[in-house]
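Encoded as structure tokens, the structure appears first; notes follow it.
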Amino acid sequence: MTTQTETIDSVLTESRVFDPPSPEAVGAPRWLIEDEATYKRMHAESIENPEAFYGSAAKELHWFRPFDKVVEFESPDAVWFKGGTTNLCYNCVDRHVAEGRGNAIGLVWEGEPTDADGAPEVVSYTYSELQAATSRFANALKARGVKPGDVVTIYMGMVPELAIACLACARLGAVHSVIFGGFASHSIVDRVKDADSSIVVTCDGAWRRGKVVPLKANVDEACAALDGAVKTIICLKRCGNEVAWEDGRDVWWHDAVENEPASCACAELDSESTAFILYTSGSTGKPKGIKHTVGGYMVHTYLTSKYVFNLIPGLDEPTRQLPNGRPLSGQVYWCTADVGWITGHSYIVYGVMANGVPTLMYEGAPDCPDCDRFWDIVERHKVTQFYTAPTAIRAFMKWGRAHCEKHDLSSLQVLGSVGEPINPEAWMWYREVIGRGVCPIVDTWWQTETGGHMLTTMPGAHKTKPGSCGVPFFGVDAAICDEDGTEIEGGGGLLCVRRPWPSMLRGIWGDRDRFIETYWQKFDVNGTVSAGKPSPYYFAGDGAQRDADGYFWIMGRVDDVINVSGHRMGTAEVESSLVAHPAVVEAAVVGIPHEIKGTGIAAFCILEPGSKPADAEAAKALKQALRAHVGEQIGAIAKPDLLRFTDALPKTRSGKIMRRLLRDIAAGNEIAGDTTTLEDRTVIDKLLADES
Ligand code: PRX
């Protein structure tokens, strides 16, 4: 099947299909959704009667005050679990204590450094310990004036205190805004300013591949540019690196919690109160603060974690010991993402912890001290669910299967993939080498905006197909439309969601117009948009097609967002960083195929006349300087893989950059498609002839 449109190219030739295994085949206690018929029945019920379906799902969790109504929707505004009050931290931590599981392990953490014998530091928390730790930190925040609704910025490495800080905010009803620790100080400035946040929680440093990333120094630099807007910095001592200190503003985490009581009541929050904001890239230079609310987000992440990963909370009797000697029973779930991304929010912290299955956090890099680190972790902790990104799988493939074969991976029951389309070759390798040729792979399609899984398979219910993310989750009504909003069955089109789901975004922080323009104006369903109203359909920004079995195949973004190593980067963000450099007058950024990252970044720059490099050496130095500049402005993830200098960019007569042509040039492909709208064809000829 081949489809080509201006924005969507896909060649779909994959025909392998794998049946779901029996639970015995992978060592799972049972499958929560046992067969496809059960999925179909439950999915039909969730669509036909969301009140009943989601009403009863929500009641598996604790509500201080029961909700009166499951859902109300007037596009683009949804209200889920109206009138109900609840608390995310209560459901992830206190509920387990209240139900007698206080001594069960809820969080396991492994640090990156290893000692002389090769042993890493392992720390674990029971639910009772998490209750005490989140209470202490919540009290410390309260003592510094944090009130419900205030935005607390969190910029930390992958330490357990990161999860504790998030949960402590949830306890209080404060809104957290987590910034990925790999971002540079400029990114902190933008996000702190946009969220109007006056408190930052950070670490002295973070371990990454044996080196210290100076997080506190990055925060200090950001604060200098923020003119005193940040009143408090709480800093966790992790690496022991030297840090600058401003008395009155800066406080060590251990000092802040030392005298705080280990109890703090969970705030009874309205279901629709804001839980957190998380910034993500869009097609303009300014990142969007995606807003999620308490009740709907909690229910959807809980339910997806449960059914997609087949989470079954611990047996009563401990069955084994953690590497640090503490007893543990049942499953251990590990997601390798960073809590700084939505995957970490939903599927390291909230959704998994709400299920009462221990969540594992690993601090560092997959190749530290060696390329088998992940498999060593799986073996030592007897990980049962493993959730990672295709970019990581491709790196493991490159490093070679010998690293995996050194370890006993037989504890694994379910494998997950997220962040970008997984190429069938990587899918097959994942299944054979990591999954012993039997573990089901759940390829989960979703977004920062959707809060939780939308398209996926379920391990015991569905056949799987390498490269397809499967079918809609319960309550998700996905469709493929053409540009006009007409639904199409065959061929490629635009992925949309036709009705509200509990963890849908509730807005872009401080920018209602952008929220409507970006997600709710693409499809003129029943003439809504032409009548000046938002569309009832959510526009995901992805191209997709559906096969005869109803399985979705994602074909990538249709807007100016590229997906680098499973993380979103707006081309405009990288472009504005490049033009902020004095040598660059204009820049155009496009995605190019990349062996490991999936998509890499190619940048075409027009230089300021006085900055033109005199020779190849000077050009090389300038390219290095520009890459470093983007790294400092946004973060290493945004550094262009390919940089080209040019005198002009290919534009249409109306002045629009023809990115499609730049993509072909950057990828070394022949120029395909129509070039008649080009204003000046010689621009292309020059780019093709000249390699600078
Ligand atoms: O293009 C899709 C891709 O990642 C985008 C969302 O990025 P972000 O908000 O950073 O969230 C990533 C983690 C959920 C989507 O618009 N994407 C995500 N998962 C998949 C995917 N593409 C194909 N298959 C997936 N499983």
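Heavy-atom basis, side chains included; hydrogens, waters and symmetry copies ignored. Whatever order the structure lists ligands and atoms in, that order sets their numbers, starting from 1.
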Counting heavy atoms under 4.0 Å, the part of Arg557 that contacts ligand 1 is side chain

So which heavy atom in the protein is nearest atom 7 (O) of ligand 1, and how far is it from that ligand atom?
Arg568 CD, 3.0 Å

So, Arg546 side chain and Glu489 main chain: donor-acceptor pair closer than 3.5 Å or not?
no

Using a 4.0 Å cut-off to any heavy atom of Val418, which atoms of ligand 1 qualify?
13 (C), 14 (C)

Please write down residue, atom name and distance for the protein heavy atom closest to atom 15 (C) of ligand 1.
Asp542 OD2, 3.3 Å

For Ile422, which part has a heavy atom under 4.0 Å from ligand 1: side chain, backbone, both, or neither?
neither

A student comparing Thr444, Leu455, Val558 should find that the heavy atom closest to atom 26 (N) of ligand 1 comes from Thr444

Protein contact of atom 23 (C) of ligand 1 - nearest heavy atom, named by residue and atom, plus distance:
Pro421 N, 3.1 Å

Exercise: do Tyr333 and Asn355 side chains pair donor with acceptor under 3.5 Å:
no

Taking the six-membered ring for Trp, is the centroid-to-centroid distance between Trp427 and Tyr430 below 6.0 Å?
no

Arg191 charged N/C atom sitting above Phe183 aromatic ring, 6.0 Å / 45°
yes

Among all protein heavy atoms in this structure, tell me which lies nearest to atom 13 (C) of ligand 1, with the distance rounded to 0.1 Å.
Thr343 OG1, 3.4 Å

Report yes or no: does a heavy atom of His567 sit under 4.0 Å from some atom of ligand 1?
no

The residue among His453, His43, His300 that forms ring pair (Phe, Tyr, Trp, His ring centres under 6.0 Å) with Phe473 is His300

For atom 19 (N) of ligand 1, what is the nearest protein heavy atom, given as residue, atom name and distance?
Gly419 N, 3.1 Å

Tell me whether the centres of the aromatic rings in Tyr538 and Trp520 are closer together than 6.0 Å.
yes

Looking only at distances, please establish whether an N/O atom of ligand 1 is found under 3.5 Å from an N/O atom of Thr280.
no

Indicate whether any N or O donor in one side chain lies under 3.5 Å from an N or O acceptor in the other, for Thr456 and Tyr307.
no

Test Arg568 against every option in Glu420, Glu573, Glu449 by the salt bridge (Lys or Arg N to Asp or Glu O under 4.0 Å) rule and name the one that passes.
Glu449

For Gln447, which part has a heavy atom under 4.0 Å from ligand 1: side chain, backbone, both, or neither?
both

Atom CZ of Arg506 and atom NE2 of His292: how far apart are they, to the nearest 0.5 Å?
8.5 Å

Tell me the contacting part of Thr448 for ligand 1: side chain, backbone, both, or neither, using a 4.0 Å heavy-atom threshold, strictly below.
both

Going by the atom numbers of ligand 1, which of them fall below 4.0 Å from some non-hydrogen atom of Trp446?
6 (C), 14 (C), 15 (C), 18 (C), 19 (N)

Please write down residue, atom name and distance for the protein heavy atom closest to atom 5 (C) of ligand 1.
Asn563 ND2, 3.9 Å

